[in-house]
**Student:** 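I have a structure I would like to understand better, so I am pasting it below and will then ask my questions one at a time.
For ligands, and for the atoms within them, numbers begin at 1 and follow the listed sequence.
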Amino acid sequence: MIAAFDIPVTRVGRSKLNDIPLENIPFGKYFTDHMLEADYADGEWKNVSIKPYQPLQLDPSLAALHYGQAIFEGIKAYKDDKGNAFVFRPIENYKRFNKSAARMNMPEVPEEIFMEGMRKLISIDKNWIPGGKDHSLYIRPFMFSTDTMLGVRPSETYKFLIILSPTGPYFAAPMKIVVEEAYTRAAPGGVGFSKNAGNYGGSMLAATTAKQEGYDQVLWTDAFEHKWLQEVGMMNVFFMINGVAVTPSLEEGTILAGVTRDSVITMLREMGIPVEERRISIDELLDAYGKGQLKEVFGTGTAAVIALIKELKYKEFIMQFDVNNAPVAMAVKQRLADIREGKTADIHQWMWPV
Ligand SMILES: *Cc1c(COP(=O)(O)O)cnc(C)c1O
């Protein structure tokens with residue numbers, strides 16, 4: 001694998017683990033004992049260390065707070081019956097992280113810092129991986145600019161961190177979704193394909209507006225015609241039309257290339273279900289729904305894995321789906337769980353041993 005690379009570790013005096021109940025833990029609320037931190041300055045990464053989880057001291061003029069060079073990833077680690085820890089496809093997140101970095105004019109993080117740092121951090125905090133079904137350890141690598149000056153230019157200094165958060169089963173209740181026609185998440189040439197903090201900041205008002213109308217999230221549409229479908233909230237989206245799984249394609253750069261999306265496409269094909277990655281419009285959906293051909297709609301992402309959609313609203317049209325009869329979404333969800341739990345052969349080597 002990666003050449004031995006010695007990251008200095010300062011351990012906590014006393015673990016917080018006993019103070020936190022590892023059952024039904026809410027998502028992203030508690031953090032483990034340690035974190036990884038590294039600094040970028042003078043054109044290189046330095047000060048890589050693992051230390052007790054602690055607040056950062058930051059200057060008020062910190063560039064990231066003003067100009068938004070900030071990116072992140074979301075990954076999950078699991079523990080098997082024998083206590084071995086595995087991470088789900090972290091290499092894909094590593095590659096995507098550096099794509100986000102390139103788009104945001106930030107330095108790439110070397111593989112040994114990202115991957116080896118993550119491995120070492122998880123092994124130190126291994127007892128924090130909850131063992132219960134569908135429990136996991138959520139891994140949050142992130143990077144932000146740290147120059148302390150208000151001139152607008154790419155920062156010359158950055159911080160990279162990894163923090164870990166034990167999380168219970170993310171109960172994704174079937175969602176009610178409204179097709180977004182006013183706000184835009186991403187346009188060609190923009191930053192929609194990168195996992196940068198601003199994409200989330202820019203999406204919150206749309207989600208809040210949807211909630212005020214009784215909906216959980218929005219289905220994003222293209223910036224020009226508000227008719228080509230992109231993503232559902234912060235998840236990729238799949239439509240089962242006439243036995244074919246259709247999902248918006250990536251080439252316009254307006255969609256995040258989800259690792260779950262890629263895994264779902266692979267599994268669907270293995271299950272003999274045809275997949276089409278292409279442009280899909282709201283008109284096509286309405287038409288298929290009218291003909292009784294649109295059977296399932298679901299979102300995919302690391303946090304919820306598969307989230308069923310029970311209602312989709314577009315203008316005055318309301319499409320409803322029977323979430324108790326969503327065989328494709330359920331089969332994919334089960335197959336992914338089986339791979340995670342070692343019940344199905346991990347033929348693609350998705351589970352990365354820590
Ligand atoms: C993270 C993210 C996803 C899901 O990606 P996964 O790799 O499957 O977790 C989808 N859409 C957006 C906008 C995201 O930020």
Side-chain angles (χ1 to χ4, degrees), residues 27-28 68 70-78 87-101 103-104 114 118 134 136-143 165 167 170 172 175 177 180 183-188 190-207 210 216-223 228-239 245 247-250 252-268 275 277 297-307 309 329 332-333 335-337 339-340 348 350-352:
F27 176 77
I71 62 170
F72 66 94
E73 270 304 328
I75 315 172
K76 276 181 176 174
Y78 301 88
V87 187
F88 188 72
R89 305 189 72 182
I91 312 283
E92 302 307 318
N93 298 87
Y94 165 67
K95 291 187 204 152
R96 187 170 73 191
F97 190 77
N98 279 341
K99 279 186 197 153
S100 299
R103 178 62 184 86
M104 299 305 284
F114 192 105
M118 180 172 72
D134 291 332
S136 61
L137 184 70
Y138 184 80
I139 307 163
R140 171 54 61 87
F142 60 108
M143 170 169 45
S165 177
T167 166
Y170 189 108
M175 296 187 296
I177 302 292
E180 181 60 58
Y183 301 110
T184 298
R185 194 192 82 89
V191 294
F193 67 89
S194 74
K195 216 167 172 79
N196 84 82
N199 282 347
Y200 283 69
S203 76
M204 295 203 182
L205 184 57
D216 299 298
Q217 255 301 352
V218 302
L219 177 55
W220 294 104
T221 52
D222 73 287
W228 300 99
L229 308 173
Q230 295 181 337
E231 298 195 58
V232 54
M234 291 296 167
M235 287 189 278
N236 295 115
V237 66
F238 286 77
F239 307 98
T247 191
S249 44
L250 302 173
E252 283 170 40
T254 51
I255 288 169
L256 204 282
V259 179
T260 318
R261 174 187 182 279
D262 183 75
S263 309
V264 166
I265 290 173
T266 302
M267 289 184 296
L268 286 170
V275 181
E277 292 179 72
V297 183
F298 56 93
T300 67
T302 295
V305 189
I306 306 282
I309 290 164
V332 164
K333 191 175 176 177
R335 193 173 172 108
L336 209 46
I339 292 171
R340 280 199 314 258
H348 305 288
W350 283 346
M351 304 306 288
W352 186 81

**Student:** Go ahead and list the nitrogen or oxygen contacts between ligand 1 and the protein that come in under 3.5 Å, distances to 0.1 Å, or just say none.
**Tutor:**
| residue | atom | partner | partner atom | Å |
| --- | --- | --- | --- | --- |
| ligand 1 | 7 (O) | R96 | NH1 | 2.8 |
| ligand 1 | 7 (O) | R96 | NH2 | 3.1 |
| ligand 1 | 7 (O) | V259 | N | 2.7 |
| ligand 1 | 8 (O) | V259 | N | 3.3 |
| ligand 1 | 8 (O) | T260 | N | 2.9 |
| ligand 1 | 8 (O) | T260 | OG1 | 2.6 |
| ligand 1 | 9 (O) | T302 | N | 2.9 |
| ligand 1 | 9 (O) | T302 | OG1 | 2.6 |
| ligand 1 | 11 (N) | E231 | OE1 | 2.5 |
| ligand 1 | 11 (N) | M234 | O | 3.4 |
| ligand 1 | 15 (O) | K195 | NZ | 2.7 |
| ligand 1 | 15 (O) | Y200 | OH | 2.4 |

**Student:** Rounded to the nearest 0.5 Å, what separates atom CE in M235 from atom CD1 in I309?
**Tutor:** 6.5 Å
**Student:** Walk me through whether Y200 and K195 qualify under side-chain contact (heavy atoms from CB on, under 4.5 Å).
**Tutor:** CA-CA 9 Å; Y200 283 69; K195 216 167 172 79; 3.4 Å; yes
**Student:** Would you check, one step at a time, whether the test side-chain contact (heavy atoms from CB on, under 4.5 Å) holds for D262 with E92?
**Tutor:** CA-CA 10 Å; D262 183 75; E92 302 307 318; 5.8 Å; no
**Student:** Rounded to the nearest 0.5 Å, what separation is found between the CG atom of L250 and the CZ atom of F193?
**Tutor:** 11.5 Å
**Student:** Looking only at non-hydrogen atoms, find the nearest pair between K76 and I139 and report the distance.
**Tutor:** C-CD1, 4.2 Å
**Student:** Applying ring-ring contact (aromatic ring centres under 6.0 Å, His included), can you list everything that pairs with F97, at least two apart in sequence or on another chain?
**Tutor:** F114, F160
